[in-house]
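In what follows, a single structure is set out as structure tokens and then discussed.
As the structure is a prediction and not an experimental result, all values here were calculated from the model.
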Protein chains: 2
Amino acid sequence: MPYSNFASMPCTLSRPAALLGERWTLLLLRQIFLGTRRFEDFQATMDISRSVLTDRLNVLLQENVLKRVPYHEDGRTRHEYRLTEKGRDLYPVLMALRTWGEKWMAPDEEETFQLHHRDCGGGVRAKVECTECAAELTARDVEVTARP
Amino acid sequence: MPYSNFASMPCTLSRPAALLGERWTLLLLRQIFLGTRRFEDFQATMDISRSVLTDRLNVLLQENVLKRVPYHEDGRTRHEYRLTEKGRDLYPVLMALRTWGEKWMAPDEEETFQLHHRDCGGGVRAKVECTECAAELTARDVEVTARP
DNA sequence: TAGCTGAGTTCGAAAATCGAACGCAAGGGA
DNA sequence: TCCCTTGCGTTCGATTTTCGAACTCAGCTA
């Protein structure tokens, strides 16, 4: 099975993993959540090659993670890439990466940005919880049942 | 900046994103969380090329996400790949992917596996919360502060 | 001694990525 | 009108990755 077939497997974990597991895609999403919207800005801040950037943006458009939105600047019509609701829902994925990075990869120096809850100023962290009893869960608390 | 340099950026989001954003790495972790431990089994269930599998496993070993553990079978000593504590801590990342997949990519048919809290049988979901007030957060509730 | 098995390694072909140049449409200014 | 600039891609040849099949090697086993 080639890599791309995981994108069509009937598994709700392998399909997102195959989509976001392509090179640059997670870094692109990070940039989008940090506020970057335009082709030129992605290219400049990430130093990704233009052809690959085009490809990744198109994949995310096709998957309905991003949408192209027209806007006006100097009286000209341009387009920018924005998250859809589906795209915004990827926030927990990025936050889970960051929570892990904070714990296990924190560099000695300062970070490049900080996150705060607008209402109370608190920090942000990702966690896994039980939909019934609301307990916080680790891998050991969860049982996997194969469906044959 | 080539892709690999993101792995050494002083950013607790871009470093994990660059590590897990390499092709096959997320799918490999999925397989590990589902219980696969041995080279041959990874190769068979994922149909990844052997040389790339070797490379990805070595990267995860170097990053201390996996460890090689000896075991005995038929009186022979072999090795298997197991999660370290750092690796197990990636569980929220995988669960965030799955929670997203359940909502936005659920296939019409059944899934390949189900997850249940051992204690109460409930489902599993990832979420983002405030470390102060414990409110559940979305991207809109969070303010990004750049550190220059 | 020969064969099998798990775990890689090697190597030529194919695919993905890179970087630099090119294309193009919409203004703006002369 | 003609030329210049900007934003947003596209194209193309060179370099890296990935692929897939064959090969290696060590430790049993028959």
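- Checking Glu22(B) against Leu57(A), the closest nucleotide of DNA chain D that is more toward the 5' end is the one next to Leu57(A).
- In this structure a side-chain-to-backbone donor-acceptor pair under 3.5 Å is missing from Asn58(B) to Asp55(B).
- Phe33(B) and Tyr91(B) have tilted rings, their planes meeting at an angle from 30° to 60° on a 0 to 90° scale.
- Between the side chain of Arg15(B) and the backbone N or O of Pro10(B) there is no donor-acceptor pair closer than 3.5 Å.
- Remark: the backbone N or O of Leu66(B) is not paired with any side-chain donor or acceptor of Tyr81(B) at under 3.5 angstrom.
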One character per nucleotide, please: for nucleotides 18-30 of chain C, 5' to 3', B when the base has a protein heavy atom closer than 4.0 Å, S when only the sugar-phosphate does, - otherwise.
BB-B----BSS--
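- If you take CG of Asp55(B) and P of dT16(D), they are 16 Å apart, rounded to a whole angstrom.
- Atom CD in Gln43(B) sits roughly 15 Å away from atom P in dT18(D) (whole-Å rounding).
- Proximity of Arg68(B) to the phosphate of dG8(C): a side-chain N or O atom is located under 4.0 Å from OP1 or OP2.
- Remark: the backbone N or O of Gly21(A) is not paired with any side-chain donor or acceptor of Thr25(A) at under 3.5 angstrom.
- Taking atom NE2 on His79(B) and atom P on dG27(D), their separation rounds to 11 Å, with Å as the unit.
- Computed from coordinates, the Leu53(A) CG to dA16(C) P distance equals 17 Å when rounded to whole Å.
- Taking a 4.0 Å limit (strictly below) on heavy-atom distances, residues 28-39 of chain B reaches DNA chain C at Arg38(B), Phe39(B).
- Side-chain atoms of Arg98(B) do not come within 3.5 Å of backbone N or O of Pro16(A) as any donor-acceptor pair.
- As judged by a 4.0 angstrom heavy-atom cut-off over every strand, Tyr81(A) is placed among residues touching the sugar-phosphate backbone only.
- Shown are Glu80(A), Arg30(A), Gln31(A), Gln43(A); of these, the side-chain hydrogen bond (donor to acceptor under 3.5 Å, both in side chains) with Thr36(A) is made only by Gln31(A).
- Asn58(B) has its CG atom 14 Å from the P atom of dT18(D), to the nearest Å.
- In this structure, the NE2 atom of His72(B) is 14 Å from the C1' atom of dC28(D), given to the nearest Å.
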As a quick check of understanding, evaluate salt bridge (charged side-chain N to carboxylate O under 4.0 Å, His left out) for Glu136(A) and Arg125(A), giving each step before the final call.
CA-CA 12 Å; Glu136(A) 180 165 2; Arg125(A) 77 176 187 114; 3.1 Å; yes
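- At least one donor-acceptor pair under 3.5 Å links the side chain of Thr131(B) to the backbone N or O of Gly123(A).
- Between the CZ atom of Phe42(B) and the P atom of dG8(C) there is a distance of 11 Å, rounded to whole Å.
- If you take CD of Glu80(A) and P of dC8(D), they are 9 Å apart, rounded to a whole angstrom.
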